[in-house]
Amino acid sequence: MQEFMSTIMPEVFYTLCGLVCLDASFRAFMKNEEARIGTSLFWLLVGCIFIFGKLMPSEVTGAILVVMGCLTVTKQVRMGSFTEVSSDVKEKESLKIGNKIFIPAVSVGVLALAFSFVKVSENGLIFALPSSKAGVSLDGAVMVGLACVLSLLFAWWITKPNIKETRENTTKQLMQVGAACLLPQLLGALGSLFTEAGVGDLISTMISAVVPSGNIIIGVIIYCLGMVIFTMIMGNAFAAFSVITLGIGIPFVIAQGGNPVIVGTLGMTCGFCGTLLTPMAANFNIVPSAVLETRNKWTVIRAQIPMALILIIVHMILMLVWAF
């Protein structure tokens with residue numbers, strides 16, 4: 001059971017993601033008026049990575065990513081045209097379904113959280129706290145994958161859609177997002193690469209040359225700003241956390257007497273403030289604009305700037321008050 005849930009089940013969900021990409025590739029090849037070959041090839045390669053990624057040598061995966069990058073840079077990945085649903089139909093369905101449409105979306109997060117309390121033991125699946133040593137926690141892909149499948153069933157039950165239209169709209173939404181859907185994975189990998197390359201040590205050396213050690217206030221300010229700025233570069237706080245905490249957080253804040261738990265926690269959430277300010281956080285800031293078809297792709301970021309700046313200052317104050 002443990003081997004099945006930890007090795008086979010994640011690949012099942014990755015394969016499902018890959019099949020969606022292959023369907024987009026087929027649709028692009030058959031119906032795209034512009035960049036038909038490039039768009040079809042791009043989604044074909046994405047699908048192959050999801051399905052066969054574990055079997056591919058890392059060099060092959062890297063080469064595929066380079067090809068995909070070239071296709072994107074040369075504007076060979078296009079959305080294509082889709083049949084628009086009339087305003088009357090949209091309004092009719094909206095009145096019919098109402099706020100129930102939010103149930104599937106909310107269910108993804110709620111169910112994923114619920115599955116975090118499910119563990120695999122020798123006797124099967126058990127419920128236990130994530131911190132409990134009983135059993136092994138489910139893989140993140142399994143938790144989210146199961147939540148998405150169940151939420152999809154909720155959506156089908158609520159909307160009772162036409163399967164052909166559902167397939168078409170799924171492809172449309174994926175193509176709207178485009179290459180940005182790969183940014184979270186790529187930037188997460190880049191964060192690990194920076195850590196292995198010793199970027200944190202380099203940053204620490206550079207900061208030490210200009211900032212006097214022992215000044216707690218300056219240390220906290222630099223650490224918080226470092227998390228924000230590096231998160232804006234990397235696209236997510238998880239990728240920035242290890243680099244900035246090793247390079248700045250430990251020598252300039254924790255070494256000065258800061259509580260490691262509080263410093264680390266506030267450092268991570270302060271990094272999330274940077275997520276609100278950057279297009280590199282594509283899944284938060286660019287994807288919603290694409291899905292909602294806003295006139296300006298910076299709409300989401302513009303709306304978040306004031307709150308992000310306020311929260312950065314709040315994090316600095318809380319770290320100084322609570323961590324020391």
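Position 1 is the first residue of the sequence, and the numbers go up from there.
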Quiz item: Is it true that a side-chain atom of Ser25 and a backbone atom of Ser40 form a donor plus acceptor pair closer than 3.5 Å?
Solution: yes
Exercise. Determine, stepwise, if the pair Val77 / Met175 fulfils side-chain contact (heavy atoms from CB on, under 4.5 Å).
Key: CA-CA 9 Å; Val77 182; Met175 288 188 171; over 6 Å; no
Quiz item: Run the side-chain contact (heavy atoms from CB on, under 4.5 Å) check on Met56 and Cys48 step by step: do they pass?
Solution: CA-CA 10 Å; Met56 291 180 182; Cys48 288; 4.1 Å; yes
Exercise. Can you tell me which residue pairs pass the salt bridge (Lys or Arg N to Asp or Glu O under 4.0 Å) test with a partner in residues 59-79, sequence neighbours excluded?
Key: Glu34-Arg78
Quiz prompt | Euclidean distance, Leu41 CG relative to Cys70 SG, rounded to 0.5 Å | solution = 11.0 Å
Exercise. Treat each ILVMFWY residue as a node, draw an edge where side-chain heavy atoms are under 4.5 Å apart, and state whether Leu152 and Ile101 are in one component.
Key: no
Practice problem: Run through the side-chain heavy atoms of Ile, Leu, Val, Met, Phe, Trp and Tyr, join any pair under 4.5 Å, and report what else lands in Val66's cluster. | Solution: none
Self-check item: Between CG on residue Leu225 and CD1 on residue Ile244, distance to nearest 0.5 Å
Solution: 10.5 Å
Practice problem: Please tell me if the side chains of Glu168 and Lys31 come closer than 4.5 Å, counting only heavy atoms from C-beta onward. | Solution: yes
Quiz prompt | Side-chain heavy atoms of Thr299 within contact of Asn296, under 4.5 Å | solution = yes
Quiz prompt | Listed partners of Val67 passing side chain to side chain contact (heavy atoms under 4.5 Å, CB included), at least two apart | solution = Leu45, Leu71
Quiz item: Can you check whether Pro279 reaches Trp298 side chain to side chain, under 4.5 Å on heavy atoms?
Solution: yes
Quiz prompt | Nonpolar side-chain network containing Val108, other nodes, edges under 4.5 Å | solution = none
Quiz prompt | Ser116 side chain vs Leu113 backbone, donor-acceptor pair below 3.5 Å | solution = yes
Exercise. Tell me, yes or no, whether the heavy-atom count around Glu11 atom CD, taken from other residues, nucleotides or ligands under 6.0 Å, exceeds 12.
Key: yes
Exercise. Decide yes or no for Asn32 and Met79: does some side-chain heavy atom of the first lie under 4.5 Å from some side-chain heavy atom of the second?
Key: no
Quiz prompt | Cluster check Phe241, Val261: I/L/V/M/F/W/Y, side chain < 4.5 angstrom | solution = no
Quiz item: Taking only residues two or more places apart in sequence, or in another chain, which ones meet Lys92 in a side chain to side chain contact (heavy atoms under 4.5 Å, CB included)?
Solution: none
Quiz item: Under 3.5 Å, is there a donor-acceptor pair between the side chain of Thr15 and the main chain of Phe50?
Solution: no
Side chains of residues 316-324: which donor-acceptor partners sit under 3.5 Å, not counting sequence neighbours?
none

Quiz item: Looking only at heavy atoms, what is the nearest atom pair of Phe115 and Ala147, with distance?
Solution: CE1-N, 3.8 Å
Quiz prompt | Gap between atom CE of Met206 and atom CD1 of Ile248 - 0.5 Å precision | solution = 9.5 Å
Self-check item: Pairs touching residues 242-257 that satisfy side chain to side chain donor-acceptor pair (under 3.5 Å), sequence neighbours left out
Solution: Thr195-Ser242, Tyr223-Thr245
Quiz item: Between Glu33 and Ser81, does a side chain to side chain donor-acceptor pair (under 3.5 Å) hold up when you go through it step by step?
Solution: CA-CA 8 Å; Glu33 300 86 0; Ser81 59; 2.6 Å; yes
Quiz item: Going through the distances and angles, do Arg27 and Lys172 end up as a side-chain contact (heavy atoms from CB on, under 4.5 Å)?
Solution: CA-CA 10 Å; Arg27 202 270 180 198; Lys172 177 183 178 181; over 6 Å; no
Exercise. Check side chain to side chain contact (heavy atoms under 4.5 Å, CB included) between Lys100 and all other residues, then give those that pass, not counting sequence neighbours.
Key: Ile97, Ile103, Ile158
Quiz item: Roughly how far, to the nearest 0.5 Å, is the OG1 atom of Thr72 from the CG atom of Leu65?
Solution: 10.5 Å
Quiz item: What about Met307 and Phe284, same hydrophobic cluster or not, with Ile/Leu/Val/Met/Phe/Trp/Tyr joined at side-chain heavy-atom distances under 4.5 Å?
Solution: no
Practice problem: To the nearest 0.5 Å, tell me how far Ile49 CD1 sits from Cys17 SG. | Solution: 13.0 Å
Quiz item: Of the non-hydrogen atoms in Asp139 and Ala141, which two are nearest, and what is the gap between them?
Solution: OD1-N, 2.8 Å
Quiz item: Just wondering, more than 12 heavy atoms not from Ile8 lying within 6.0 Å of its CD1?
Solution: yes
Quiz item: With a cutoff of under 4.5 Å between side-chain heavy atoms, which Ile, Leu, Val, Met, Phe, Trp and Tyr residues group with Ile37?
Solution: Phe26, Phe29, Met30
Practice problem: May I have the step-by-step check of side-chain contact (heavy atoms from CB on, under 4.5 Å) for Leu138 and Val120, ending in yes or no? | Solution: CA-CA 7 Å; Leu138 295 177; Val120 185; 3.6 Å; yes
Quiz item: For the atom pair CZ (Phe52) and OG1 (Thr61), what is the distance rounded to the nearest 0.5 Å?
Solution: 12.0 Å
Quiz item: So which of Leu174, Thr171, Leu22 actually passes side-chain contact (heavy atoms from CB on, under 4.5 Å) with Trp43?
Solution: Leu174
Quiz prompt | Distance-minimising heavy-atom pair for Ala28 and Thr39 | solution = CB-CG2, 3.6 Å
Practice problem: Give me the other members of the hydrophobic cluster that Val144 sits in, counting Ile, Leu, Val, Met, Phe, Trp and Tyr linked by side-chain heavy atoms under 4.5 Å, directly or via other members. | Solution: none
Using a 3.5 Å cut-off and no angle test, enumerate the donor-acceptor pairs between side-chain atoms of residues 268-278 and protein atoms at least two apart in sequence or in another chain.
| from | atom 1 | to | atom 2 | distance (Å) |
| --- | --- | --- | --- | --- |
| Thr269 | OG1 | Thr265 | O | 3.2 |
| Thr269 | OG1 | Leu266 | O | 3.2 |
| Thr269 | OG1 | His315 | NE2 | 2.7 |
| Thr278 | OG1 | Met232 | O | 2.8 |
| Thr278 | OG1 | Met280 | N | 3.0 |

Practice problem: Kindly say whether Met227 contributes a backbone atom to a donor-acceptor pair with the side chain of Thr231 at under 3.5 angstrom? | Solution: yes
Quiz item: So do the side chains of Thr170 and Val20 get within less than 4.5 Å of each other, counting heavy atoms only?
Solution: yes
Quiz item: Looking at residues at least two apart in the chain, or sitting in another chain, which of them share a side chain to side chain contact (heavy atoms under 4.5 Å, CB included) with Asn99?
Solution: Phe102
Practice problem: Please check if Phe230 and Ile218 belong to a single hydrophobic cluster, counting links between Ile, Leu, Val, Met, Phe, Trp and Tyr side chain heavy atoms closer than 4.5 Å. | Solution: yes
Quiz item: So, for Gly219 and Val253, which heavy atoms are closest and what is the spacing to 0.1 Å?
Solution: O-CG2, 3.5 Å
Quiz item: Are any of the side-chain heavy atoms of Phe13 and Val149 separated by less than 4.5 Å?
Solution: yes
Quiz item: Would Phe117 and Val106 show up in the same hydrophobic cluster when neighbours are defined by side-chain heavy atoms closer than 4.5 Å?
Solution: no
